[in-house]
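Predicted model, so just to flag it, every value in this text is computed and none were measured. A note on names: the letters A, B, ... follow the listed sequences, proteins ahead of strands, and every chain is numbered from 1.
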Amino acid sequence: MSLLAYAARRLLWTVPLLVGVLLATYALLRGSGGSPFRPPEGYIGVPETYERLLRRHYHLDEPWLVEFAYWLENVFTLEFGPSLVLRELDVAAIVRDSLPVTLELVALSAAWAVPAGIALGVWGATSRSRLADLLATATATLLLVVPVFFVAFALRQYAFADWGLVPLGWDGWRSKVLPVLALGLPPVGYVARLIRVAMAEALQEDYVRTAVAMGLRRWRIVWVHALRNALAPVVAAGIPMVALLVTGAFFVERAFAVPGVSAFFVEAARTRDYPIVMNLTAALAVVVLAANLVSDVLLALVDPRVRDQVGREGS
Amino acid sequence: MKAASADPPVAPPARRRQTLVALARRPAAVGAAAVLLALVAFVVLFPLVSAHDPNDVDFAKTRQGPSLEHPLGTDQFGRDLLARVAVGGRTTLAIAVAALTIILALGFVWGATAALAGGWVDSLLMRVVDGLFAIPRLPIAIVLLVVLSFRAQSVAAIVAALSIAGWMLTARLVRGHVLSLKTRDFVVAARATGATRRRIVRRHILPNSSGVLLVAALLELPTVVVGEALLSVLGLGPPPPTATWGNIAYDGWQFARLWEMLVATVAIVLFAGAANVLADAVGDVLDPRRRGTRTLGAGRLSQ
């Protein structure tokens, strides 16, 4: 199968998945009994006239499947409509303003975390002293297992509250340093652990012995020949990486008052503001599935054997 | 049809002992098991002997550091942190055990059904698993939790949210295991003698799946313990004054106290880390070919 055909096939799988996710979210929210117009304690509802308008706009009095169909149509025409609870906000505006912030945060974090993780992992696998290897592995494991909320909170406590080094928010590079640092730490550990194992294995291969026998320089063997093969598991781990970053973003954004999607998501889920939850879910699902698609295609690029396995095994 | 099918080698005790002996030779596994046991013992026993009630408020002694009277200090309401960590651990571990039970049941049924049915049923069921795998668990759990909390009590809602968001790995492991069992002589013989599918599952598949279920349970244990903490730190945990490890961390966050957060985090990391090390060791012992792929398991901790 050619790479293009493989990518197309993966893309086709993504569409039913996306619709499935949206339908499931919708059914869950609508089927569970709560109502945005009867909010939980502590939240102010909307006046009745406005409620009537909203009900008509979202076809809330129709069967939920009809409502879902209308909503799906709105998504594909990018007409997200008003929020049910936060009257002054348009859902499209929330998605437009907050999603790029989250994406930027995630992208910047991955951009430094992946190379750093590779460096740490290669160092552990290639160092000749056991102590260095142990140190690298221990660092990586520690980075991975310490929960992201603790890292984010500790960084904020010291750097912002105690020492006043940086501003909160997401405005200018100074405010971005700490969130990007905090969000990147667990992925560094994750990538480093993957690379260490894969690299140690790659260095045992015959072609490495051949390269050594032929007198190639050590750094060239490690960084060019062995690393190329050790990268496959990292690329394959794209999906857990995305999960790690998205999960972390919820806490990092909260700690550093970054105006991303997570606060809206949690708050809207609590007040049952369907339009916000649904559209943010849609936006997140698109981003996550796109990232998965990219990682799948990259993996097929690095490891051509993967292309032929599609559909045979549950990946 | 009641044909007598060949009796299965139901995990002969000799093999189980072998597994234990192999585990006992691994210092990491022994250490991890000791840490887990110590934490469970502390959580279960300490509240019985503690001098302080975990919910006793004392405004004269708020936000204290460690002292003889309060070994871990007190929180913003003057409650004894050591007692709260113990009692909170009870709630957290109860949530974890309940969620694990559902995860194992759901994962076993799903995975075994896929493997035994084969064909398009298998494809369809595994596509669903692949699809759910692609989505981060936390957002799924948040939506589920919020939806469920309108109907159920909050601890039950958390259990349901964690387990519905987390059964996929178990299903995949069970499916692979059952696929290999399916071709074994005793299953083939049972089928040849006309045993019903139900009998085959009860008599042959389930008793021979204890190993894979144990590995799945140990792999998911850290995820549900960390999952409880993640949800609680977002403010979606059981309502105060209920202590859980996640809620103690949330208190630390809300009242800007690193110490309190550190205490909860250490408990969580110790427990989750030990479970993970043990999961790796058990997996290696049960399936030596698996060695080397273990890093994939550890990465799932924070998802």
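Inter-residue side-chain proximity for A:F250 and B:V233 is flagged as unmet; no heavy-atom pair is nearer than 4.5 Å. Between A:F251 and B:L138 there is a side-chain heavy-atom pair separated by less than 4.5 Å. Contact of the B:V269 side chain with the A:P147 side chain is registered, since non-hydrogen atoms from C-beta on lie closer than 4.5 Å.
The structure places CG of A:L284 at 11.0 Å from CD1 of B:I140, a figure rounded to the nearest 0.5 Å. A distance of 5.0 Å separates OH in A:Y158 from CG in B:L258, rounded to the nearest 0.5 Å. Interatomic distance, CH2 of B:W253 versus CD of A:Q157, reported as 9.5 Å (0.5 Å rounding).
Counting heavy-atom pairs closer than 4.5 Å to chain A, the top-ranked of the candidates B:L262, B:D122, B:I268 is B:L262.
For residues 278-295 of chain A, no residue pair satisfies the salt bridge (Lys or Arg N to Asp or Glu O under 4.0 Å) rule, not counting sequence neighbours.
At a 4.5 Å heavy-atom cutoff, A:A285 makes no contact with chain B through either its backbone or its side chain. With a 4.5 angstrom heavy-atom cutoff, B:A256 touches chain A via backbone and side-chain atoms both. Heavy-atom distances place both the backbone and the side chain of B:A229 under 4.5 Å from chain A. Heavy-atom distances place the side chain of B:L236, and not its backbone, under 4.5 Å from chain A. Neither the backbone nor the side chain of B:L125 comes within less than 4.5 Å of any heavy atom in chain A. In this structure, chain B has a heavy atom under 4.5 Å from the side chain of A:F265, while its backbone stays farther away.
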